[in-house]
Amino acid sequence: MTIKEDVNKLKDKELFNRLLKTRNIGIVAHIDAGKTTTTERILYYTKKIYKIGSVDEGTATMDYMIQEKEHGITITSAATFFYWKDYFFNLIDTPGHVDFTIEVERSMRVLDGIIVIIDAANGVQPQTETVWRQADKYNIPRIVYVNKMDKLGANFYNALESIKERLLVKPIPIQIPIGSENEFKGVIDLINLKEVYWVNEDGSLYEFRDINQQNLEQALNIRNLMLETIAELHDDFMMKYLEDKYSVDDIYNALRDITLRRLGVIVLCGSSLKNIGVQLLLDAVIDFLPNPLDFINIEAFRINKDLQEEKIKINLLDYHHNSKTLALCFKVSYLPNVGRICFVRVYSGKLEEGIVVKNTTKDLSERITKILKLHANYIESVSKLEMGDIGAVLGLKKTSTGDTLCNFSDEKIVLESINIPPSVIFTAIEAESKAEEEKLFKALERLAEEDPTFRYKINEETGQIIISGMGELHLEIIKDRLIRDHNLKIYSGKPQVEYKETITTKAQGEYRFSKQISNKLQTAYVVLQVQPIENGVKIYDEVSEEKIPKKFIPSIKEGIAEALIVGPLAGYSCINLKVRIVDGEFDPNFSTNLAFKVAAYEATKIAISNANPVLLEPVMKVEIIVNEEYLGNVINDLNSRNAEILEISIYQQISTIVINKILALVPLREMFGYSTTLRSLTQGRATFTMELHSYKKVPDNVLNSILGLF
């Protein structure tokens, strides 16, 4: 339901006006497309900062971690807030490197709209596709900003074509560039038919001019194509267009509706580094991206007394009018001199200092001690966070990423959580001494709280500490943070592939537990069935309460989850399976939660072992950009790495230089050290990116090597 249908429910006009003028947005893109550079200009033009920082010089406001300054990339998403033309913005700048995709994922979960930035010379790149799919998953409206129009090889129209081909969406340019590469001077506003030029060095002053005669014909032609596309996608506008009775306001209204309904995507252009185009991008956010009232009905889960989940639709205005607070923690972080903070989005009601909130995900209560708004790593205390706000709270010691917070008890509501992708790489580490080990574990626990894609465990056979993550850079940053942020000296081994285990057939497992513990007999009997599914891990309670009372089900699920952490083949975690609790027995005198947890753990192990388990390996989607003269060398090397080459195409042609794009699927085990090899093969003239594509069964010879069966 949109604001037009539901506005009468909002009796608080002050709140209505505030939400109407609020934009919760994020900036996402492939690495090096210019996200942080764009954010830096936004902060400057909105007077949030008074000097433009530089990513290359390590002075960007939002890249405040020392590791970000040294690597010249964004590693963790950073939040800020500002005003532009009487509108209030909450903005999150996200990483572009695939190793830190969780930062994009959890930001997407709480944002109302996003700006997708594309490099004008490269068009849509692999991570652009990834963030686009993430936005699709959360149904987030978005606009596209084609950045770096001043760059060698910049081509706005090729970028539009790549949007259409690779993102499978109709681009609607509302601007076109005046010139390109070193001739890029400004933009033409196609809606209002004006040229826009930035007239001083820092880009703070810009002016609208009538279109130069030599640009007029092209502008009118592309404007007509824009209008035709709008009419094709929007029925109301089509009638006005056919009758030639439309106004500029009609164009704006139709474009906003198309954006909110995700029927097409508005495209703007500029050069953030050269201070061209950023203010018009902010105007487009106001004009076309949603406010918190535009989508007031959200999906959630109601947990009944039998602990069963029921998917429901919640009207946030109804909850707000009934003083029901509903919020989601989307990130946990530790700030120096502040401590543990939880980033939250408030969907209804408000959060205030001193109140007790219920964490319905973990079924516990915690007290909020302080409310904060953040500008990168700078904090500002505020009295409350209200409906539509994004901010941070202190005092929540057990709340973690994806947890739901509320202030009511008449129903148990859990908001949709955040998808945590599986880790694909691991390495062994150890502390310098036994005395340092306790400090190391505390540091690991803190890092795992901050980053859900980082995991650690102890190898029971070797006693080594195993850390796992999303890629080599991810683990490198983790180790660097242990050394520098936590003052630890550690030793580490070489990175290795994080394999997974799954099952191929349906099977059953049962286990009867009966043991004397603390002078008391404890008993339980559990029967489980497992079967393969395409994606994820699902646990279903299908046993009658006469067989196993509902109070024991959480312990059974806990036992199942623990059993899935260590698979039967090589000790890797299990994925892509469904576990059903189908039968069991309890004794009213002797059955306990502990007994059912142990019984479920053992029954799961038996069931998986009976279901023909197999080992899976991560397969990466690799994109390589390489000059044609080195194409043969790169392809031969890929073939030696057991790659499946999907596509070889011309990526770009500048004068007589042809640059090719290779798209391939390669097992991750074959990609260690590839950047060094690629540099050697191409004299440093090629680049590559990769992301997790899928998991596939490990070949028998590799399996035998892993299991030590030669």
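If you read the sequence from its start, that first residue is 1, and numbering goes on from there. Heavy-atom basis, side chains included; hydrogens, waters and symmetry copies ignored.
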Task: Residues E542 and K578 bridged, charged N to O under 4.0 Å - done: no
- Task: Please say whether more than 12 non-hydrogen atoms of neighbouring residues, nucleotides or ligands are located less than 6.0 Å from NZ in K697.
- Result: no
- Query: Parallel, tilted or perpendicular: which describes the rings of Y499 and Y572, with under 30° parallel and over 60° perpendicular?
  - Reply: perpendicular
For K170, the salt bridge (Lys or Arg N to Asp or Glu O under 4.0 Å) test, sequence neighbours excluded, returns E232
- Query: Between T502 and Y695, does any side-chain donor sit less than 3.5 Å from a side-chain acceptor?
  - Reply: no
task = Assess whether atom NZ of K442 is packed by more than 12 heavy atoms of other residues, nucleotides or ligands within 6.0 Å.
result = no
Closest heavy-atom pair, Y491 versus E432, reported as atoms and distance to 0.1 Å, is CE1-CA, 3.7 Å
Margin query: Would you say D451 and H474 are linked by a side-chain donor-acceptor pair, where the criterion is simply a distance under 3.5 Å?
Written below: yes
### Query
Under a 4.0 Å N-O cut-off, is there an ion pair linking E436 with K489?
no
Closest heavy-atom pair, K148 versus G34, reported as atoms and distance to 0.1 Å, is CE-N, 4.3 Å
* Would you check if I650 and N660 make a side-chain contact, meaning some heavy-atom pair closer than 4.5 Å? => yes
Within 45° cone of F330 ring axis and under 6.0 Å: R109 NZ or CZ: no
**Asked** Between R142 and D136, is the closest basic N to carboxylate O distance under 4.0 Å?
**Response** yes
Residues at least two apart in sequence or cross-chain that pass salt bridge (Lys or Arg N to Asp or Glu O under 4.0 Å) with E628, listed by chain then number, are none
For I503 and P532 the tightest heavy-atom approach is O-CB, 3.4 Å
Sorted by chain and number, sequence neighbours left out, side-chain contact (heavy atoms from CB on, under 4.5 Å) with T682 holds for V626, Y630, V634, L678, A686
Query raised in the report: Is there side-chain contact between P421 and I102, with at least one heavy-atom pair below 4.5 Å?
Result: yes
Closest non-hydrogen contact found for L440 with I465 is CD2-CD1, 3.5 Å
Check: Are E647 and R166 within salt-bridge range, i.e. N to O under 4.0 Å?
Finding: no
With V698 as partner, the option from R669, E617, E501 fulfilling side chain to side chain contact (heavy atoms under 4.5 Å, CB included) is E617
Check the side chains of K457 and S468 for a donor-acceptor pair under 3.5 angstrom, ignoring hydrogens and angles.
no
* Side chains of L167 and V116: closer than 4.5 Å at any heavy-atom pair? -> no
Distance-only side-chain donor-acceptor flag, Q134 / T101, under 3.5 Å:
yes
(Q) Salt bridge check, K696 against E644: does any charged N sit closer than 4.0 Å to a carboxylate O? (A) no
Just wondering, do M690 and L668 contact through their side chains at under 4.5 Å, heavy atoms? yes
Check your understanding: Would you say the side chains of Y138 and E105 form a donor-acceptor pair under 3.5 Å?
Key -> yes
